[in-house]
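Scroll down for the structure; my scribbles are underneath it.
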Amino acid sequence: MTDNQFMGLSPQEATLRVEASLRQRRKREKRFRLMGLAAVALALSFLVILFTGILSKGLPGMFQYYVQLDVELDRARLDPAGDLSAASLYSGDAEALILEASLASIGEEEGRKTKRALRKMVSSGASIRLIEFVQSNPQVLNTKQTIKFAVDDDIDSFLRGFIDRETPEKDRRIDDLTIDIVDRWQAAGLISYELSDYLFFGSASRDAEMAGIKGALIGSLLTLAICISIAFPLGVAAAIYLEELAPKNRWTELIEININNLAAVPSVVFGIMGLTIFIVTFGMPRSIPLVGGVVLALMTLPTIIISSRAAIRAVPPSIRDAALGIGASKMQVIFHHVIPLAMPGMLTGTIIGMAQALGETAPLLMIGMVAFIVDIPAGFMDPATVLPVQIFMWADFAERMFIQKTSAAIIVLLAFLITMNAAAIALRKKLERRW
Amino acid sequence: MAFTTQLSLLLIIALAFYTFAKRSVTSARNRGELFHSLPNYYGLWVGLAASLPAILLLILWSVIDIQLFQHWVRDYYPAEILAAGGSQEVVALAKVENLVAGIRFGDPEAWVVEASSAWSAWEHSSTTAKTVVALLLSISGGFVAYRKISNQFRARNAVERILFWALISASTIAILTTIGIVLSVLFETIRFFQLVPPTEFIFGTEWNPQFEGAERAGTGGGDAKYGMLPMFAGTFLISAIALVVAVPVGLASAIYLAEYSTPKVRATIKPLLEILAGVPTVVYGFFAALTVAPMIKQAGESVGLTVASESALAAGLVMGVMIIPFVSSLADDVINAIPQALRDAAYGLGSTKSETTRQVVLPAALPGIVAAVILAVSRAVGETMIVVMAAGLAANLSFNPLDAVTTVTSQIVTILVGDQEFESAKTLSAFALSTMLIILTLGLNFFALQIVKKYREQYD
């Protein structure tokens, strides 16, 4: 017995012993508490590290370097057919005009080496930009205009300081002549660092300086539109049946077990199901938002059903009883009283489910939404990719500038997700009712 | 988008019927006639009769006619393609379908042109017939339903019965999805096991399906081996690393939040931690591959260790961070469910808060915590993007966290992304791996639920 050790002690001695053990115990208490605090701090510091890592890389990725050139918009050369049609403009000499403008910008007329260097310094999308500019403002033809063009991604990396001018020329991605031209441009104040319009309005491209997320963003929206229009009605209907109408029997139990199991199935498995059922068996095309949306809907269905059931359960029975008491039918009780009262909870669950679907990558890789798609999707049956998959593809590219563009795309994705989650929280706070 | 047009046409007709029926019942009521139900229900009844059967027919027809075309178009294939079967036919079908969609690759063969023009003709007549039949069905359905309306007709009961069945069928989607998942992997897995014996797959320690092409071409260079053990070893290694991070941190923060923090602190910290779970996995993958992996490599090499540039450690650590909120919020729920009376009893005996937590609360919450950890394992095993981006593809049977390993999910993704021949053992092996993955995750989930169920009722 532990009591025995205190037998025969004088009261003073006993007090001393107890005090000693108390000190020990208080110390242990403090240590335990600090451990918990440290764990929370550690977890939060991971969050901080993750976000600073992404932000520090991604914020510069939202900007890029442009060079400002005075281009002589000679109509005869730009638009050989003279009708401003796309065919005529693209067969025109836009590229040469830009090259001449860049030669003029450094005050040189000729020189094969200079020309060759300059051709690689302005983004290869510059001529398209020039043509689009002319198409939307035909009055500028035959005048001299100052236009900003993106610089090539190597020049961009050099300007950001990722390429060291001290490294020997043959180990560098850009040669001495190029660096000299960049210096001259900078001295003339032609280089500017601005918010990247390619990032937000460009579509997929192998050229880092031209790559943008517009196509992926629209693909994401189309996919989510399909996803929500399937998952929300089905999820709410299933929740209503299970909470309000289902008898307690084996069939109902089977449905509930299935819902719980589906919530635990890895997302990549839903992709495999989409691949075999929709693409191989039903012969639907690959890479389309329709299939992606259906797959994501099936994946988010358990989340929506579970949260909708919780919302329905939170509606007090007295409301149902009151409605039944004045002669409403079961369906009238559900559709006139229970659903409107449970709606905030259901919407919250749906928004969280949609946020999950927006960030999902693996199932969409399975159904081929990973293809390199330049065109901006116009409908649910057009090949498309989505934002997370775009991030995955960019992460694989070697160019330095893609790392920043990827981080910038991640920031856009996170901004969407945080907005959606904040909306869910706000909705819950605003409409939540305590009965 | 013919389908959307047809659908909106049907909906407009249904809306017209709804308004018409509702209005005629309303005016009859105003004349003093008595009806069983409110006018709205008569409108709904007619509107549903005008739309539901027609829409169902439309969907069914659209699914079936493509299957029929795919069958009929085989008459146009040259004999050698039909003889070769399998993947040749898939290619032939793709050629025809591309041309139908107006996509031309070079100069298509004569039979492709012929087949695709026949296909277009079928498609055209099918669409016309479909539209006409659906419209007729819709209008006649609406009229029949409208004729049924009388003072005695119980429209509300009829509409509610339809609604009831609609709700039931929505709830069966969960079962259909499960069946879909099982069927989609089952057949391919069986076909795989016809090519590779199950024992070789389950107990094999070598995995190199990339030799498959060479083997079939007969150029030698080694046999393709399909042993799943290296991948499961990799999966468990990475999951174990993730748990070493997530369980202590998650559990300790759950204890702190549940037992020590004030409600206000808890209300701010908990959502912050849950942000970690809301960050898309592709972001974690990017972070692991670009920031964590090089850091670990550098740190390891500075103390003289050889570290693979895609080490299991990097993927595991980042995955652990992702799982922290998963463990902490589940454990938090469990700890909060322990009745206050137990704590009060311990305080009454003079124990400190930490003693109460360690010796009373945690033992009582243990089953729930174990279940939470098992669910976290299941999550880690099924996680895909982090390992695809950060763990590499080398199928090493290794338990060294500094080596590159591969996992089940990353192999599935690598094999199935892009266009594959659907007949090869390599492609089929991905389905066998998925079957194993499903069995494993569902098993873990089932196990966790059993634990929860068995020990839950103690304090209720």
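Every chain is numbered from 1, with letters handed out A, B, ... down the list of sequences. Basis for what follows: all heavy atoms, side chains included, without hydrogens, waters or symmetry-related copies.
For B/Tyr41, the part lying under 4.5 angstrom from a heavy atom of chain A is the side chain only. Contacts of B/Ser261 with chain A are absent, with no heavy-atom separation under 4.5 Å from either backbone or side chain. Only the side chain of B/Ile255 comes within contact range of chain A, with heavy atoms under 4.5 Å apart. The parts of B/Ile175 that come within reach of chain A are both its backbone and its side chain, each placing non-hydrogen atoms under 4.5 angstrom from that chain. With a 4.5 angstrom heavy-atom cutoff, B/Phe164 touches chain A via backbone and side-chain atoms both. When heavy atoms are compared at a cutoff of 4.5 Å, A/Ala43 approaches chain B by way of both its backbone and its side chain. Contacts between B/Val292 and chain A at a heavy-atom distance below 4.5 Å are absent for every atom of the residue. Only the side chain of B/Thr291 has a heavy atom closer than 4.5 Å to any heavy atom of chain A. For B/Ile324, the part lying under 4.5 angstrom from a heavy atom of chain A is the side chain only. Only the side chain of B/Leu437 has a heavy atom closer than 4.5 Å to any heavy atom of chain A. Residue B/Arg379: no heavy atom, backbone or side chain, is found under 4.5 Å from chain A. If you measure heavy-atom distances from B/Thr409 to chain A, the contacts under 4.5 Å come from the side chain alone. With a 4.5 angstrom heavy-atom cutoff, A/Ile418 does not touch chain B via any of its atoms.
Taking chain A as the reference chain and counting heavy-atom pairs below 4.5 Å, the highest number among B/Leu375, B/Leu272, B/Ile66 is found for B/Leu272. Of the listed residues (A/Ile305, A/Val40, A/Val389), the one with the most heavy-atom contacts under 4.5 Å to chain B is A/Val40. With respect to chain A, the highest number of heavy-atom pairs below 4.5 Å among B/Val381, B/Val279, B/Thr281 belongs to B/Val279. Considering only heavy-atom pairs separated by less than 4.5 Å from chain B, the leading option among A/Phe270, A/Tyr241, A/Trp251 is A/Tyr241. Between chain A and the options B/Glu355, B/Gln70, B/Met389, the largest number of non-hydrogen pairs under 4.5 Å is found for B/Glu355. For the set B/Val185, B/Leu290, B/Leu273, B/Leu167, the count of heavy-atom pairs under 4.5 angstrom toward chain A peaks at B/Leu167. Per-residue heavy-atom pair counts under 4.5 Å with chain B were compared for A/Gly274, A/Gly359, A/Gly271, and the maximum is reached by A/Gly359. When each of A/Ile272, A/Ile277, A/Ile391 is checked for heavy-atom pairs under 4.5 Å with chain B, A/Ile272 comes out on top.
Interatomic distance, CZ of B/Phe287 versus NZ of A/Lys57, reported as 7.5 Å (0.5 Å rounding). The distance from atom CD1 of A/Ile255 to atom OG1 of B/Thr172, rounded to the nearest 0.5 Å, is 6.5 Å. Put simply, CZ on A/Arg28 and CZ on B/Arg358 are 6.5 Å apart, with the number rounded to the nearest 0.5 Å. In this structure, A/Phe32 CZ and B/Tyr256 OH are separated by 12.0 Å, a value rounded to the nearest 0.5 Å. Note: B/Leu276 CG to A/Leu44 CG = 8.0 Å, rounded to the nearest 0.5 Å. One finds the OG1 atom of B/Thr384 at 7.5 Å from the CD atom of A/Glu360 (value rounded to the nearest 0.5 Å).
With hydrogens and angles disregarded, a donor-acceptor distance shorter than 3.5 Å links the side chain of A/Glu29 to the backbone of B/Ser354.
Of the listed residues (B/Ile438, B/Thr441, B/Ile412), just one forms a side chain to side chain contact (heavy atoms under 4.5 Å, CB included) with A/Val269, and that residue is B/Ile438.
Residues B/Glu160 and A/Ser329 have side chains that bring a donor and an acceptor to within less than 3.5 angstrom of each other.
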